[in-house]
**Q** 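The following block contains the structure, expressed as structure tokens.
Just so it is clear: chains get the letters A, B, ... in the order the sequence lines come, proteins before strands, and each one is counted from 1.
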Amino acid sequence: MGDHSGFSRAQTLMIYLVLTGSIASGIAIFSSASTITDLLKTATSGLFLPLLLSLIATFLLDPAVQFLEGERVSRTTSIFIIYFLILAVIALLLVLIGPPNWKGMLNALKADFPRYIARAIEYLNGLLIGLQGHFPFIENYDLPGKLSNTAQQFFGLLLKETPKSALRIGSLFLLVPLFSFFFLRDSKRIMRGLISLTPNRYFEMVLDLYDHVSWQLAHFIRGRILEASIIGIVVYLGLSLTDIRYAPILGIIAGVTNLLPYIGPIIGMIPGLIIALVDLGIGGQFWWIVCVYLLIAQILLDNFILIPILISRVSNLHPLWVILAIVMGGKLYGVIGMIIGVPIASVIKIALLEIRHYRQNLYRNQSLFLSRND
Amino acid sequence: MNPFWSNIFRGTGYEDSVAYFLSTIPIFEDLKPKELKLLEGMVHTRTYRPDEVIFHEGDIGSGMYCIRSGQVSIFNNDSAGRAVEQAQLGPGDFFGEVALTVQKPRIATARAVEPTVLLGLFRADLHEAINKYPAVTSKILLGLSRCISDRLQYAALKLHQFGSNSYPPADRE
């Protein structure tokens, strides 16, 4: 038996032992790895939002810090100056305008929310009954039921999470400035450390690529954030011309959802339109609000002014990728994941394009150069 | 002398520091100690094994290297594929400085002969420093252009000599 395969008994035993040992250790490593990732997930679960916000703050503040930094002003000093200026502006606003009544607004919204949903469902029902006259098969779909279900779930979540999120917002005020301080001060050093780990053969290429990609990315992310804030402010201003309530919250929603191409602006419009419909009814003000959302914010401002100035066409994603990014982001990190999924996909696209461009350049140069000997 | 005692009385080791080493490189000789400190933050320290290639002929260059320790051989491959050595460089020498200004292919291959430590200054870092430390960067660029124009003048002289040797004056008319 042993003679056929050319192994002695001891050798067969040895192979058997080694195989069993390696399989067992593989399983052990695998299972412990999954517990480790679980542990990591639990440990970092609350950190995702503060880290994200401080990264955003870092990208926004970095040009200002670089503007002040110089041969006589160290980076740390210039960060402190910027922080001080921001604090001064906030304090000035508080003194001039007074603290915003967020709590009252949230409580009022909590009371109004079921009312808005109920009216929206009522309206939808009316619409459906009208439609059923033309398309009888619609009866099979319980759209209003589904909508009220989701709305109730969302409302319950809102009620449950508000005390928790108040605590979390308090910790955000502490964590975000702290994190972004260290990001601003040490990000260069951290990246240098990471780049210096690359093998000698690829070091120059990696350094060059990092330089190109990081510039593009910073430009893109800054542009996106600026675009969202400007849209939010314009929507807020446009809405506050009417009698609609919650204009600041609606402005924030419109700004944040504007980060999603194609679908985002529509989602951002829905709450504003529902509130307008319920409170103001269909009339001049309602059409003005539609106008603000669609014509002024989206078509005029975003398409004709902001996107051409702030965001290069390079980062445009195919609609299919947008949908995939939203779905995958939502699976990973819920609502926040849905919003940042698309920017992350664009970031990946920019990085890939840069790398391809660099490689093309490299080969063209090399072929030009090597043909010199012929 | 007892090595135990000699170690105590040696200074703080400024002569061993990267900043002092950089001040001995001709390109950086105009920089003051404080500016050398800033430059120290811009360079990357790379370690090479014997026979490891630093860059190949035809690679896209992105910066210059100064030899901190070790030996570097600069060579070209001739049409038969044999290596023709152009220079052997030692500690304190620098090479690849043309790539600091423009993204062009390297004109020769550089290879470490023995265990070598190089300090690399790259275009990406220099570009970033232009806005941040304009005085330091302009001194570096001035030193760089001085080195390159020295070399250009030397090359022009050589070319002139070469030309006057191969064409005797009588043939020129």
Side-chain angles (χ1 to χ4, degrees), chain A residues 62-78 185-216 218 354-355 357-374, chain B residues 31-32 34-35 37-38 41-49 52-65 76-81 96 99 102-108 110-112 116-118 120-139:
Chain A
D62 192 55
V65 171
Q66 264 185 16
F67 177 74
L68 286 181
E69 190 189 0
E71 273 150 57
R72 290 172 197 287
V73 184
S74 76
R75 198 168 172 86
T76 317
T77 323
S78 96
R185 200 185 64 147
D186 296 330
S187 60
K188 290 264 156 54
R189 211 176 304 162
I190 295 168
M191 283 320 292
R192 275 175 74 93
L194 284 180
I195 290 172
S196 70
L197 292 178
T198 49
N200 288 330
R201 183 78 191 89
Y202 303 106
F203 178 71
E204 286 189 17
M205 194 178 82
V206 169
L207 192 72
D208 260 10
L209 273 179
Y210 169 71
D211 189 43
H212 287 227
V213 172
S214 67
W215 189 86
Q216 283 259 345
E354 258 318 310
I355 290 172
H357 179 75
Y358 183 86
R359 285 171 61 100
Q360 274 172 354
N361 213 3
L362 177 81
Y363 288 131
R364 207 179 49 231
N365 261 317
Q366 266 183 345
S367 56
L368 255 180
F369 186 74
L370 292 178
S371 63
R372 168 191 73 146
N373 289 335
D374 302 337
Chain B
L31 299 181
K32 299 193 188 80
K34 209 179 158 190
E35 296 169 333
K37 267 283 176 209
L38 294 178
M42 281 156 60
V43 297
H44 295 259
T45 307
R46 309 293 301 170
T47 319
Y48 293 83
R49 296 187 306 276
E52 192 174 354
V53 171
I54 299 158
F55 51 74
H56 284 280
E57 183 178 344
D59 281 359
I60 300 291
S62 66
M64 65 173 284
Y65 292 95
N76 286 112
N77 284 326
D78 63 7
S79 46
V102 71
Q103 199 167 14
K104 281 275 167 64
R106 303 279 192 189
I107 52 170
R111 193 176 59 202
T116 302
V117 178
L118 301 178
L121 176 64
F122 297 99
R123 201 171 46 238
D125 297 305
L126 202 65
H127 270 299
E128 199 190 302
I130 285 176
N131 290 321
K132 230 191 282 178
Y133 316 121
V136 180
T137 332
S138 43
K139 278 183 186 174

**Q** What is the distance from atom CG of A/Asp211 to atom NE2 of B/His127, rounded to the nearest 0.5 Å?
**A** 7.5 Å
**Q** Any idea which heavy atoms bring B/Val43 and A/Arg192 closest together, and the distance?
**A** O-NH2, 2.7 Å
**Q** Rounded at 0.5 Å granularity, tell me how far CD1 in B/Ile54 sits from CZ in A/Phe203.
**A** 13.0 Å
**Q** Let's go through B/Arg123 and A/Asp208 carefully: what are the C-alpha distance in whole Å and the side-chain angles of both, what is the deciding distance for side-chain contact (heavy atoms from CB on, under 4.5 Å) to 0.1 Å, and is it a yes or a no?
**A** CA-CA 8 Å; B/Arg123 201 171 46 238; A/Asp208 260 10; 3.4 Å; yes
**Q** Using heavy-atom distances under 4.5 Å, tell me whether A/Glu204 contacts chain B through its side chain, its backbone, both, or neither.
**A** both
**Q** Donor-acceptor pair, A/Arg201 side chain versus B/Phe55 backbone, under 3.5 Å?
**A** no
**Q** Please check if the number of heavy atoms outside B/Lys37 that lie under 6.0 Å from its NZ is greater than 12.
**A** no
**Q** Kindly indicate, with the supporting measurements, whether the criterion side chain to side chain donor-acceptor pair (under 3.5 Å) is fulfilled by A/Asn200 and B/Glu52.
**A** CA-CA 9 Å; A/Asn200 288 330; B/Glu52 192 174 354; 3.0 Å; yes
**Q** Only pairs of heavy atoms separated by less than 4.5 Å count here; which of A/Arg189, A/Gln66, A/Lys188, A/Met205 has the most with chain B?
**A** A/Lys188
**Q** Would you indicate whether the side-chain heavy atoms of B/Tyr133 and A/Glu69 approach each other to under 4.5 Å?
**A** yes
**Q** Does any backbone or side-chain atom of B/Thr45 lie under 4.5 Å from a heavy atom of chain A? Answer side chain, backbone, both or neither.
**A** neither
**Q** As an exercise, state the distance from CD1 of A/Ile195 to NE2 of B/His44, rounded to the nearest 0.5 Å.
**A** 6.5 Å
